[in-house]
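A short write-up of the structure that comes next.
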Amino acid sequence: MPELPKRYDPAAAEPPVLERWLAAPELYHPAPEGTAAENYSIAIPPPNVTGALHMGHALNGSIQDTLIRFQRMQGRRAKWILGTDHAGIATQAQVEKLLLREGTDRETLGREAFVARVWEWRERYGGTIIEQLKRLGASCDFAEERFTLDPAYAQAVAKVFVELHEQGLIYRDLRLVNWDPGTRSAISDLEVEEREVQDVMYAIDYPLASGSGAVTVATVRPETMLADTAIAVHPDDERYARLVGETAILPLVGRRLPIIADPYVKPEFGTGALKITPGHDPNDFEIGRRHGLPELSVIGEDGRMTEEAGEWAGLPVREARERIVAALTEQELIVSRTPYTHMVPHSHRSGERIEPLISLQWFMRMEELAEPAAAVVRDGTVRITPENHRRVYLDWLENIRPWCISRQLWWGHQLPVWYRAEETYVGLEPPAGEGWTRDPDVLDTWFSSALWPFATLGWPEETDELRAFYPTDALVTARDILFLWVARMVMMGLRFRGEVPFTDVYITSVIQAPDGRRMSKSLGTGIDPLDEIARHGADGVRFGLLAMSSSQDVRYAEDKVAQGQGLANKLWNASRFVLGQVEAGGAVADATPRAIEDAWILARLERAKAEAARAIEGFEFHRAALGLYDFVYAELCDWYLEWVKGREDALPILLAVLEETLRMAHPVIPFVTEAMWAHLPGAEGLIAAAPWPAAAPEREDEEAESAVARAIAAVQAVRSWRDEVGVRPGATVPARLEAAGYEDVAGGLARLARLELASGEDGATGPVASLAIPGGTLHILPSDALDLEAASRRAGAERARLAGEIGRAEGKLANAGFVAKAPSAVVAAEREKLARLQAALAELG
RNA sequence: GGGCGGUUAGCUCAGUCUGGUCAGAGCGCCUGCCUUACAAGCAGGAGGUCCCCGGUUCGAGCCCGGGAUCGCCCACCA
């Protein structure tokens with residue numbers, strides 16, 4: 001094989017392989033036939049159209065592709081449902097930024113033109129991440145790419161909205177919502193993140209209407225006092241008992257505030273008296289509803305004070321706060337100011353501080369959907385791996401709250417809702433008659449994502465795809481969208497298909513930067529998987545990410561990727577070695593063992609296959625990757641290839657083992673295995689379309705395994721001895737074997753340890769060294785290859801080591817408890833070990 | 001305030017479910033080798049109080065209790 005380079009160069013080798021896969025749609029686009037139970041499918045977590053491949057996608061993609069390729073090679077129709085998400089806020093923001101640079105904005109453009117502009121943007125740039133997935137080797141169904149805003153998909157979304165509305169689960173309500181001043185939209189609870197903020201807590205005196213003193217309240221947001229409608233104290237708080245039912249006067253405004261009792265108030269916190277602002281605080285809102293308090297709004301959607309705020313109208317909140325504090329100070333109503341650090345809700349999207357506002361929005365009632373979604377996880381219909389996420393999932397569903405689903409954006413699924421005066425119409429088609437106006441809001445992006453596993457397959461039509469691939473099998477994602485997405489898919493799948501959307505949820509690790517910080521572009525800690533692919537190849541990146549993956553968060557380790565690259569190179573060279581011999585001699589693969597080492601490698605291959613299959617099916621990808629590495633390096637290359645060098649009759653077995661190893665490895669490192677496959681004699685088509693190697697129980701051979709294991713240990717003992725004693729590496733050393741169980745492996749031992757084994761009588765000479773090996777002793781006979789002084793030094797060290805081990809074994813056996821209570825097999829093994837050690841020591845003299 | 005997870009070699013991590021053969025891998029380091037597949041290689045080696053304390057057990061990285069420490073998730077204390 002002179003045309004094959006000594007070094008495997010993934011940058012050169014991978015692209016042509018990719019071309020061949022892409023030219024074979026039958027590989028990744030299975031016919032929509034058969035049942036979902038027979039077939040295998042995964043719906044990709046749809047990346048945002050604005051997205052570029054990051055490390056999370058790369059890990060996710062590596063895992064899903066390993067599963068898909070493995071199942072495809074098992075002969076199943078394997079479909080990896082592909083597509084992208086319209087990602088309302090992210091995409092709209094992207095295009096708005098563009099407009100800003102052009103000196104215009106969406107308001108100027110108008111809704112229709114703006115949306116057209118976003119579509120244009122999407123056509124141009126939306127495919128980036130798909131191309132990047134290809135480079136990773138992901139064998140998605142590229143023949144059918146979905147988009148959550150496709151017309152057919154939009155139909156599905158509208159239908160779900162209309163039906164849930166008819167069923168009373170979707171409703172419109174005036175409630176306090178999380179208002180994001182950054183995106184100028186309401187957002188759901190899940191899109192809010194708590195951040196630590198330094199505030200000042202003010203204690204403010206509210207004079208009593210009776211004129212007899214004041215009640216002091218604590219607040220970090222004095223500007224909201226303009227919307228106060230009560231003061232609350234705890235019902236059992238004796239300090240305030242006499243004030244309940246009294247009235248306080250709101251400073252600056254003069255409003256009369258009833259003093260009420262509510263158990264929500266914590267007497268020990270602050271002053272124990274709480275100003276109630278139902279219009280701007282979620283807790284106060286609830287208290288207000290309980291007590292029938294008026295709900296005033298003094299802050300608007302633009303983050304400025306409203307007309308209700310009187311002289312402060314129009315001021316940004318922060319400025320209003322300063323002025324109000326100044327006014328209160330002037331009136332000597334501020335009792336204290338205390339620096340106060342606490343958690344404050346911020347928008348996950350814009351990063352701005354959430355402004356709780358009372359707003360008319362659409363909500364979804366969740367209890368009725370959550371219950372069955374919890375049940376299927378409880379009863380194991382849906383398995384979550386790793387299992388500790390189960391509890392988190394269930395806890396969330398058991399404490400579910402209404403979901404605010406309307407968003408004040410333009411890019412997305414516009415609500416199928418029309419208004420005319422006091423009338424509201426909800427339907428798939430616009431209402432008949434004049435004067436209707438459509439609700440301008442769009443749905444939360446996660447509303448449409450929740451339908452992903454079935455809307456991508458053509459629902460609500462009863463398509464062949466739906467029959468063949470729903471429910472899907474595995475859902476692979478990071479845990480940050482367990483509630484946002486996974487739980488909601490389960491709800492919607494059950495509600496609209498009557499079946500779970502997938503049977504396994506695998507939660508991936510989060511890959512952190514090498515220093516343990518979050519990988520993020522803004523922190524500058526991001527590592528681009530494409531750079532890593534350029535450096536180490538897609539196989540290396542895939543292997544490395546799988547090897548890193550775990551049940552916990554992990555730091556990115558380029559080492560592991562390099563290890564994967566090393567594996568690809570190793571397989572490449574092992575293949576070159578085998579193929580070079582084929583070229584010289586010609587051979588056909590045949591796995592019939594001709595020598596004990598053949599039986600050994602076949603038995604080891606069986607174990608490697610079983611372990612790989614078990615690991616992939618059990619979502620233990622690090623085991624799958626590292627197990628493969630160990631087999632290829634430690635067994636196939638380090639021992640078997642070296643052992644059979646020069647043995648011509650081993651070639652058919654070598655070929656057979658290589659061929660199976662490539663197929664076994666393909667789901668993890670698809671490129672190098674495909675590249676090599678093309679050179680194998682007799683191999684047809686794509687390895688990607690070849691069957692994964694079936695179990696061959698007749699190859700199991702524990703005798704061969706233990707015989708070769710003995711030989712390996714003996715070789716290592718000799719090599720270690722040679723090195724320490726300073727025997728020239730090339731020299732052959734005479735020796736005599738006095739050990740049981742080496743009948744079939746003596747030749748291999750001699751060759752690999754560079755020994756010349758003397759037969760019984762030839763070896764009668766006194767040994768210059770004796771090495772303990774499994775089953776007996778290897779005596780080194782005198783020769784000019786070794787330094788006797790070094791040998792005796794080494795023997796002394798060996799004696800000390802043996803004596804130590806003997807002491808340990810004796811101690812253990814002297815322990816009456818051990819002998820009496822440990823299982824007899826364990827005790828027997830210990831006795832055997834002691835006898836062996838003693839014999840070895842005796843041999844050393 | 002609840003919940004979850006981590007702490008094992010200089011670094012990044014396996015191993016803990018199922019206690020004994022389990023002190024492991026990769027990288028790094030030291031020594032020797034271009035041995036006719038691979039120097040991105042091969043062979044050999046050094047290096048660990050398995051976070052701490054206590055318990056269970058004949059025997060504990062592994063099981064139990066407590067603690068320290070780092071991290072994550074959830075949560076409406078002004």
Side-chain angles (χ1 to χ4, degrees), chain A residues 1 4-8 189-190 194 199 201-203 217-221 224 232 264-266 268-277 281-287 340 342-343 345 356 386-389 391-392 395-396 399 479-480 482-483 510 512 514 516 518 536 544 547-548 550-560 562-566 568-581 622-623 626 629-630 633-634 637-638 641-642 645-646 715-716 719-724 726 728-730 752 754 812 815-823 825-827 829-830 833:
Chain A
M1 288 282 135
L4 298 182
K6 282 167 75 165
R7 274 188 201 171
Y8 175 64
D189 295 337
L190 287 175
E194 303 286 329
D199 273 326
M201 180 136 73
Y202 299 89
V217 300
T219 182
V220 293
R221 301 203 55 192
T224 65
Y264 168 78
V265 182
K266 306 269 186 300
E268 70 281 4
F269 192 89
T271 62
L274 177 61
K275 72 193 241 336
I276 302 299
T277 321
D281 181 277
N283 302 310
D284 295 7
F285 180 82
E286 296 301 328
I287 295 169
Y340 184 57
H342 62 149
M343 302 302 275
E387 257 192 351
N388 54 305
H389 295 286
R391 169 90 177 277
V392 178
D395 281 352
W396 186 73
N399 297 292
R479 59 159 187 271
D480 55 345
L482 187 61
F483 311 140
V510 173
Q512 301 168 329
R518 181 149 244 141
H536 301 289
M548 272 176 250
S550 151
S551 57
Q552 64 188 67
D553 293 353
V554 292
R555 297 178 184 207
Y556 183 76
E558 192 174 343
D559 283 355
K560 289 275 197 305
Q563 194 181 349
Q565 184 183 5
N569 186 59
K570 195 76 177 173
L571 259 186
W572 175 263
N573 278 296
S575 303
R576 277 199 324 125
F577 171 70
V578 175
L579 295 177
Q581 295 186 44
H622 68 279
R623 278 179 187 280
L626 296 171
Y629 183 93
D630 284 343
Y633 264 78
C637 294
D638 288 351
L641 288 190
E642 294 301 328
K645 271 182 182 171
V715 170
Q716 286 172 329
R719 282 175 178 168
S720 172
W721 174 84
R722 289 175 62 116
D723 205 67
E724 283 178 37
R728 273 186 298 109
L752 292 171
R754 290 185 195 261
K812 217 166 176 183
N815 180 342
F818 173 73
V819 179
K821 299 196 180 172
V826 172
V827 176
E830 199 62 31
K833 180 176 153 195

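Between B:rC17 and B:rC27, the distance separating the two C1' atoms is 29 Å to the nearest Å. With both ends at atom C1', the span from B:rU56 to B:rU12 equals 34 Å, rounded to whole Å. For the P atoms, the distance from B:rU21 to B:rC13 is 27 Å, rounded to whole Å. A distance of about 14 Å separates the P atoms of B:rU16 and B:rC64, rounded to the whole Å. Distance check on atom C1': B:rG59 versus B:rC4 gives 32 Å, rounded to whole Å. B:rU35 and B:rC29 have their P atoms separated by 23 Å, with the value rounded to a whole Å. Look at the C1' atom in both B:rC34 and B:rA40: the space between them is 15 Å, to the nearest Å. Here the separation of B:rC38 from B:rG47, taken at their P atoms, is 34 Å to the nearest Å.
Mapping A:Cys637 and A:Lys560 onto RNA chain B by nearest heavy atom places A:Lys560 closer to the 5' end of the strand. The nearest heavy atom of RNA chain B to A:Ala273 and to A:Val819 marks one nucleotide each, and the one closer to the 5' end goes with A:Val819.
In plain terms, the two heavy atoms of A:Ala547 and A:Lys560 that are nearest each other are CB-CD, 3.8 Å. When every heavy atom of A:Lys812 is checked against every heavy atom of A:Phe818, the shortest pair comes out as O-CD2, 3.4 Å.
Heavy-atom contacts of chain A under 4.0 Å fall on RNA chain B between two terminal nucleotides, which in 5' to 3' order are B:rG3 to B:rA78.
Heavy-atom neighbours of A:Glu387 CD from other residues, nucleotides or ligands within 6.0 Å: at or below the threshold of 12.
A:Arg479 comes within 4.0 angstrom of the backbone, heavy atoms only, and of no base. No engagement by A:Arg722 is indicated, since no non-hydrogen atom pair under 4.0 Å with the nucleic acid exists. Nucleic acid contact class of A:Ser550 (heavy atoms, under 4.0 Å, all strands): sugar-phosphate only. Among the atoms of the strands shown, none is found under 4.0 Å from any heavy atom of A:Asp480. Base contact: A:Pro823 has a heavy atom under 4.0 Å from a base atom. Using a 4.0 Å heavy-atom distance criterion, A:Lys833 is classed as making no nucleic acid contact. Note on A:Gln565: a base of the nucleic acid sits closer than 4.0 angstrom, heavy atoms only. Here A:His389 lies out of heavy-atom contact (under 4.0 Å) with every strand. Looking at heavy-atom distances under 4.0 Å, A:Tyr340 makes contact with sugar-phosphate atoms alone, never a base. At the heavy-atom level, A:Lys266 lies under 4.0 Å from base atoms of the strands shown. Within the 4.0 angstrom heavy-atom criterion, base atoms lie near A:Arg7. Residue-level contact check: A:Leu626 touches neither bases nor backbone, having no heavy atom under 4.0 Å from any strand. A:Ile276 comes within 4.0 angstrom of no nucleic acid atom, judged by non-hydrogen atoms across all strands. Looking at heavy-atom distances under 4.0 Å, A:Phe483 makes contact with sugar-phosphate atoms alone, never a base.
Base orientation at B:rG45 is anti, since its O4'-C1' glycosidic dihedral falls outside 90° of 0.
Not a single side chain to side chain donor-acceptor pair (under 3.5 Å) links A:Tyr202 to another residue, sequence neighbours left out. A:Tyr264 pairs by the side chain to side chain donor-acceptor pair (under 3.5 Å) definition with A:Asn283, not counting sequence neighbours. Contacts of A:Asp189 classified as side-chain contact (heavy atoms from CB on, under 4.5 Å), with partners at least two apart in sequence or in another chain: A:Asn178, A:Arg401. A:Asp395 pairs by the side-chain contact (heavy atoms from CB on, under 4.5 Å) definition with A:Arg391, A:Glu398, not counting sequence neighbours.
The aromatic rings of A:Tyr340 and A:Phe269 stand perpendicular to each other, their planes meeting at an angle above 60°, with 30° marking the opposite boundary.
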TODO: Treat a base pair as Watson-Crick or G-U wobble with both distances under 3.5 Å, then lay out RNA chain B in dot-bracket form, 5' to 3', with | for cross-strand pairs.
DONE: (((((((..((((......[...)))).(((((.......))))).....(((((..]....))))))))))))....
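In summary, A:Asp281 and A:Lys275 do not engage in a salt bridge, as defined by a charged side-chain N under 4.0 Å from a carboxylate O.
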Open item on the list: Checking A:Leu274 against A:Lys266 for the side-chain contact (heavy atoms from CB on, under 4.5 Å) test, could you report, in this order, the C-alpha distance in whole Å, the side-chain angles of both residues, the deciding distance, and whether it holds?
Closed with: CA-CA 9 Å; A:Leu274 177 61; A:Lys266 306 269 186 300; over 6 Å; no
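For the pair A:Asp553 (side chain) and A:Val510 (backbone), a donor-acceptor distance under 3.5 Å is present.
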